[in-house]
Amino acid sequence: MVLITEELIRRRAEHNNCEIFSLEEISLHQQEIERIEYIDRWCRELKILYLQNNIISKIENVDKLKKLEYLNLALNNIEQIENLEGCESLQKLDFTVNFIGELSSVESLKQNIHLRELFLVGNPCTEFEGYREFVVATLPQLKWLDGKEIERSDRIKAMQNLRQVQLQIREQEQAYLKKRDKEKQEAKKKLENPYQKEKSEAKESKPGFDGRWYTDINNTILDCEENKECVHETQGTEKHKGSDEDEIDKKFWEEPTPFTPESRLETHRHLEEKRKANDAKRETEKQKPPRKLITEEGRVLNVNEPKHLDTSRLDVDVQTTYIRVTVKGKTFQLVLPSEVKPDSSTAKRSQITGHLVVTMPKAVEVVGPRPTLPRPVKSAPDKAPTDNTRMAKQMERLEVDPSKHSRINLENIVKKEKPVAQGPLKLHRPAMLESLCSTGDFDDDSDVPPLI
């Protein structure tokens, strides 16, 4: 039995960020739910509710959903329409393939004034004579019944023959209810019979392991050949066990059963038992033989369990003196015998074996604290130093050769620039003469007139 829990509703409300209070639509189909509960408390804003293909036998705990517009309860075990008066905004209602035989329970939908569509296909009440006329006359707000539009002429005819149709429906309902009582009694007997058979089989004594009876205790020990035959028989029974289960399953599905809520529950239980048996079989198949870790001589073996692990779940931290590997939150730390270079280290997955390969080159120089050298012990002087010696030690002067010392000539600090000649060329000639006179080959004679 599957219960409606908060976890289930949050899991089915992923489209609403798993929020329940503001949920407007939820789908709880094919969840094997047997009872509706807690939805009217947790999801007050619901507008669409899908509950098809479950084993719900009663409509309950939905009357507080004032904003509910569409309710789908197809493929369930509902036998009566009830507890929907509080759904004031209900517009569409689906009861396809249920077990509704009390057609008069449709009258409880009169207060749902906004109801426009109703589906009752596949229910026993649809086989009643006058079924459509009764529903159309009882629910004047309906516009569609079983996917077919209700025309004005159909409503007028149904209202005219309502009295006669009501009598027919009452008689057919009573006949159906009597039939249902018989079906319930037969289902109870069918459920009790297997228990009685098991008790009777348990009371009966069973033969020996070889299927034969023995009265003489001394002769119960069989010969070797007979024992071998018994072993072969037991092995044969184990082999045929799977085929017997298939035959039982085939017989279950081929056996004709009435279309009742009890038969649907029986089918559901059969499928559930088969599913559990398959799960148990898979678990036994998954069990691995024990690994051999140490040989008989006491030598330890290197064992590797082949298992895929995504690289994103690995975290490798290489330091100078240790390496730390974190796998799924679990830490493996190893102290290194010598110092390594973390910056030059690499971690890769082997393409052949898939192992994690960490390459850590050794450091060339040992990184460690600087060794402290012992300080030399100073010997005490015989005499205390004078003030002059202290000053001489403190003041150190630069010695200069006095022979190379010369006085600074201030006249040559600023060089004399030649004046730039301006005016006519005649004024420039004396300068040119001065330049000529300055040469050594020129002799100035006072008797010779100047060259103009």
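Any value given below was found using the heavy atoms of this structure, including those in side chains, with hydrogens, waters and symmetry copies removed. The residues of the chain are indexed from 1 along the displayed sequence.
Side-chain atoms of Asp181 do not come within 3.5 Å of backbone N or O of Lys179 as any donor-acceptor pair. A distance-only check finds a donor-acceptor pair linking the side chain of His15 to the backbone of Glu25 [under 3.5 Å]. Proximity of a side-chain donor or acceptor of Thr326 to a complementary backbone N or O of Gly329 within less than 3.5 Å is not detected. Panel note: side chain Asn83, backbone Asp63; no donor-acceptor pair is recorded below 3.5 Å. A donor-acceptor pair under 3.5 Å is absent between the side-chain atoms of Asp343 and the main chain of Ser345, judged by distance alone. Formation of a donor-acceptor pair under 3.5 Å by the Asn54 side chain with backbone atoms of Gln52 is found in this model. No donor-acceptor pair under 3.5 Å is formed between the side chain of Arg349 and the backbone N or O of His355. Side-chain atoms of Ser344 do not come within 3.5 Å of backbone N or O of Lys341 as any donor-acceptor pair. Side chain of Arg132 to main chain of Leu145: a donor-acceptor pair is present (N/O by atom type, distance under 3.5 Å, no hydrogens or angles). Looking at Asn76, its side chain does come within 3.5 Å of a backbone N or O of Leu73 through a donor-acceptor pair.
Looking at residues two or more places apart in sequence or on another chain, you find no side chain to side chain donor-acceptor pair (under 3.5 Å) involving Glu24. With sequence neighbours left out, the side chain to side chain donor-acceptor pair (under 3.5 Å) criterion links Asp317 to Gln319. For Arg12, the salt bridge (Lys or Arg N to Asp or Glu O under 4.0 Å) test picks out no residue, with sequence neighbours left out. With sequence neighbours excluded, no residue forms a side chain to side chain donor-acceptor pair (under 3.5 Å) with Asp315. Evaluation of the ring-ring contact (aromatic ring centres under 6.0 Å, His included) rule for Tyr50 yields Tyr70 as partners, not counting sequence neighbours. Scanning for side-chain contact (heavy atoms from CB on, under 4.5 Å) contacts around Asn61 gives Glu37, Asp40, with sequence neighbours left out.
The closest side-chain heavy-atom distance from Lys66 to Ser89 is not below 4.5 Å. The closest side-chain heavy-atom distance from Val358 to Thr346 is not below 4.5 Å. Between Phe128 and Glu171 there is no side-chain heavy-atom pair separated by less than 4.5 Å. In this structure the side chain of Thr126 never reaches within 4.5 angstrom of the side chain of Val121, judged on heavy atoms. Between His29 and Leu51, the closest side-chain pair of non-hydrogen atoms is not below 4.5 Å. In this structure, Leu103 and Ile100 have side chains that are not in contact, with every pair of non-hydrogen atoms separated by 4.5 Å or more. Between Leu49 and Leu68 there is a side-chain heavy-atom pair separated by less than 4.5 Å. Between Leu139 and Val106, the closest side-chain pair of non-hydrogen atoms falls below 4.5 Å.
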How far apart are the C-alpha atoms of Tyr38 and Leu3, what are their side-chain angles, what is the distance that settles it, and do they pass the side chain to side chain contact (heavy atoms under 4.5 Å, CB included) test?
-> CA-CA 10 Å; Tyr38 305 121; Leu3 301 175; over 6 Å; no
Can you list the steps and then say if Glu85 with Asn112 is a side chain to side chain contact (heavy atoms under 4.5 Å, CB included)?
-> CA-CA 6 Å; Glu85 295 83 358; Asn112 303 101; 5.5 Å; no
Please walk me through it: do Arg35 and Glu60 pass salt bridge (charged side-chain N to carboxylate O under 4.0 Å, His left out)?
-> CA-CA 8 Å; Arg35 186 180 179 186; Glu60 55 185 346; 3.1 Å; yes
After noting the C-alpha distance and the side-chain angles of Glu45 and Lys67, does the key distance pass the salt bridge (charged side-chain N to carboxylate O under 4.0 Å, His left out) rule?
-> CA-CA 6 Å; Glu45 304 295 324; Lys67 298 181 181 180; 2.6 Å; yes
Under the side chain to side chain contact (heavy atoms under 4.5 Å, CB included) criterion, do Thr321 and Val335 qualify, and how do the steps go?
-> CA-CA 6 Å; Thr321 57; Val335 179; 5.7 Å; no
Begin from the C-alpha positions of Asp146 and Tyr131 and carry the test side chain to side chain donor-acceptor pair (under 3.5 Å) through to its verdict.
-> CA-CA 12 Å; Asp146 297 336; Tyr131 147 75; 2.6 Å; yes
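Residue Arg41 holds its CZ atom at 12.5 Å from CD of Glu6, rounded to the nearest 0.5 Å. We find the SG-CD distance between Cys43 and Glu19 to be 12.0 Å, quoted to the nearest 0.5 Å. Rounding to the nearest 0.5 Å gives a distance of 11.0 Å between CG of Leu75 and CD1 of Ile56.
Side chain to side chain, Ser22 and Asn16 meet the donor-acceptor criterion of an N or O pair below 3.5 Å. Remark: the Glu79 side chain and the Ser57 side chain contain no N/O donor-acceptor pair separated by less than 3.5 Å. Checking Arg324 against Gln333 by side-chain atom types alone, a donor-acceptor pair falls below 3.5 Å.
Comment: Glu69 does not engage Lys92 in a salt bridge, judged by the lack of any side-chain N to carboxylate O separation of less than 4.0 angstrom. Using a 4.0 Å cut-off between charged side-chain N and carboxylate O, Lys182 and Glu186 make no salt bridge. A salt bridge links Arg275 with Glu32: at least one charged nitrogen is closer than 4.0 Å to a carboxylate oxygen.
Paired with Glu262 under the rule salt bridge (Lys or Arg N to Asp or Glu O under 4.0 Å), one option of Lys189, Arg269, Lys188, Arg180 passes, and it is Arg180.
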